[in-house]
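See below for the structure under consideration.
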Amino acid sequence: MATESPQPMNFAVVSRVLVSVAAEVANGVQRAVVGSDNVRTARENAWDAIQADRARAAARVETARAVAAMLASAPATRRRAKPLTGAHR
């Protein structure tokens, strides 16, 4: 009979175990604090991110429209500032 030797504990294995345990603890604390029905899911987080992206895009479009309207209503002739030449005295 061949017996399998246990795999040696290395840094990667220990790290994975610690991260897994920490995630389980955090999940348990979240459920205890906010309740099981109020725990956020990845789908909810993704939908909120999509909605925020859409809102930012709409704000950019509105800002561009406002700037275009301001430029269109500005007088056609504008005085140009004199270029700065030399030091001021």
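- With sequence neighbours excluded, the residues satisfying side chain to side chain contact (heavy atoms under 4.5 Å, CB included) with V21 are V17, V25.
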Would you tabulate the side-chain donor-acceptor contacts of residues 32-40 under 3.5 Å, counting partners in other chains and residues two or more places apart, or write 'none'?
from	atom 1	to	atom 2	distance (Å)
N38	ND2	V34	O	2.9
R40	NE	N45	OD1	3.1
R40	NH1	D48	OD2	3.3
R40	NH2	E44	O	3.3
R40	NH2	N45	OD1	3.1
R40	NH2	D48	OD2	2.3

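- In this structure, the side chain to side chain donor-acceptor pair (under 3.5 Å) partners of D53, at least two apart in sequence or on a different chain, are R56.
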Enumerate donor-acceptor pairs with a distance under 3.5 Å from any side-chain N or O in residues 65-75 to protein atoms, sequence neighbours excluded.
from	atom 1	to	atom 2	distance (Å)
S73	OG	A69	O	3.2
S73	OG	M70	O	3.2

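- Applying the side chain to side chain contact (heavy atoms under 4.5 Å, CB included) criterion to Q51, with sequence neighbours excluded, gives W47, R54.
- The hydrophobic side chain of V19 is isolated, with no ILVMFWY side chain under 4.5 Å apart from it.
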